[in-house]
Amino acid sequence: MDYKGPTGVGNIHYNFAKPAKFDVEAEKERIRQSAVERPNKAASEYEVRYRSYASYLARHMHGKGITERDNLVDAAGQLVGLSFITASNSRYLGRFAREHSESELEDTPFSTPRMTSAVGYETRYQTFKKAMDDKLPGQTFADIATPIAKRLRMNMASLYNAKYKGRYDREKKNA
């Protein structure tokens, strides 16, 4: 070693290895390929839940009837830790229906639109009216309301409101 003075700088850099040849283009290509495999950010908790939910529905929906739809949605929701109400809302079940074409959903429980208050009110009311007209003389409204509510997928309070019982009573009074 070659020192220049008691605290001077000598020629000590010969101990360091020479830099390896670095191919910039090859490194750019390696980074480009690895970026495709790994997304820049982790998937959100919602996205992870939705993927599990959707894959469960996609695997189990074939060969099921419309009556098994709620059981299927409930099972998929329980798999990812959701309540039935959350699993059947537009964020989960609605997105699943939007992401799959009509031909994919044909002959599955998700091919027919579900009755909602906006779309199926008249259909629901006609079912309610028929059940009320067919009731026996000794039956009260409370006796027949439970099976009607279950069949229409409504709660009991909805049948007592002005849209159902109120409309029925007005029509009977005016008839």
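Along the sequence shown, residues are numbered consecutively beginning with 1. Because only heavy atoms are used, hydrogens play no part in the values below, and waters and symmetry mates are left out as well, while side chains stay in. As the structure is a prediction and not an experimental result, all values here were calculated from the model.
Sorted by first and then second residue, the side chain to side chain donor-acceptor pair (under 3.5 Å) pairs involving residues 73-87 (not counting sequence neighbours) are Ser83-Thr86.
One finds the CZ atom of Arg98 at 6.0 Å from the OG atom of Ser90 (value rounded to the nearest 0.5 Å). The line from CD of Glu47 to CZ of Arg51 is 4.5 Å long, rounded to the nearest 0.5 Å.
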I would like to know whether Tyr56 and Ser52 meet side chain to side chain contact (heavy atoms under 4.5 Å, CB included); could you show each step before the answer? CA-CA 6 Å; Tyr56 181 88; Ser52 299; over 6 Å; no
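Contact detail for Ala97 and Leu105: the closest heavy-atom pair is O-CD1, 4.0 Å. Nearest heavy-atom pair across Asp70 and Phe84 is O-CE1, 3.5 Å. Minimum heavy-atom separation, Gly77 to Ala87: CA-CB, 3.8 Å.
Tyr92 places a side-chain heavy atom less than 4.5 Å from the side chain of Leu82. Contact annotation: the side chain of Leu57 approaches that of Leu93 to within less than 4.5 Å [non-hydrogen atoms, C-beta and beyond]. Under the 4.5 Å side-chain criterion, counting only non-hydrogen atoms from C-beta, Met61 is in contact with Phe96.
Looking at residues two or more places apart in sequence or on another chain, you find a salt bridge (charged side-chain N to carboxylate O under 4.0 Å, His left out) between Lys129 and Glu171. Among residues two or more places apart in sequence or in another chain, the side-chain hydrogen bond (donor to acceptor under 3.5 Å, both in side chains) test is passed with Tyr168 by Asp133.
Tyr50 carries Arg95 over the face of its six-membered ring, with the cationic atom under 6.0 Å from the centre and within 45° of the normal.
Residues Asp134 and Lys130 are paired through a salt bridge, judged by an N-O separation under 4.0 Å between the basic side chain and the carboxylate.
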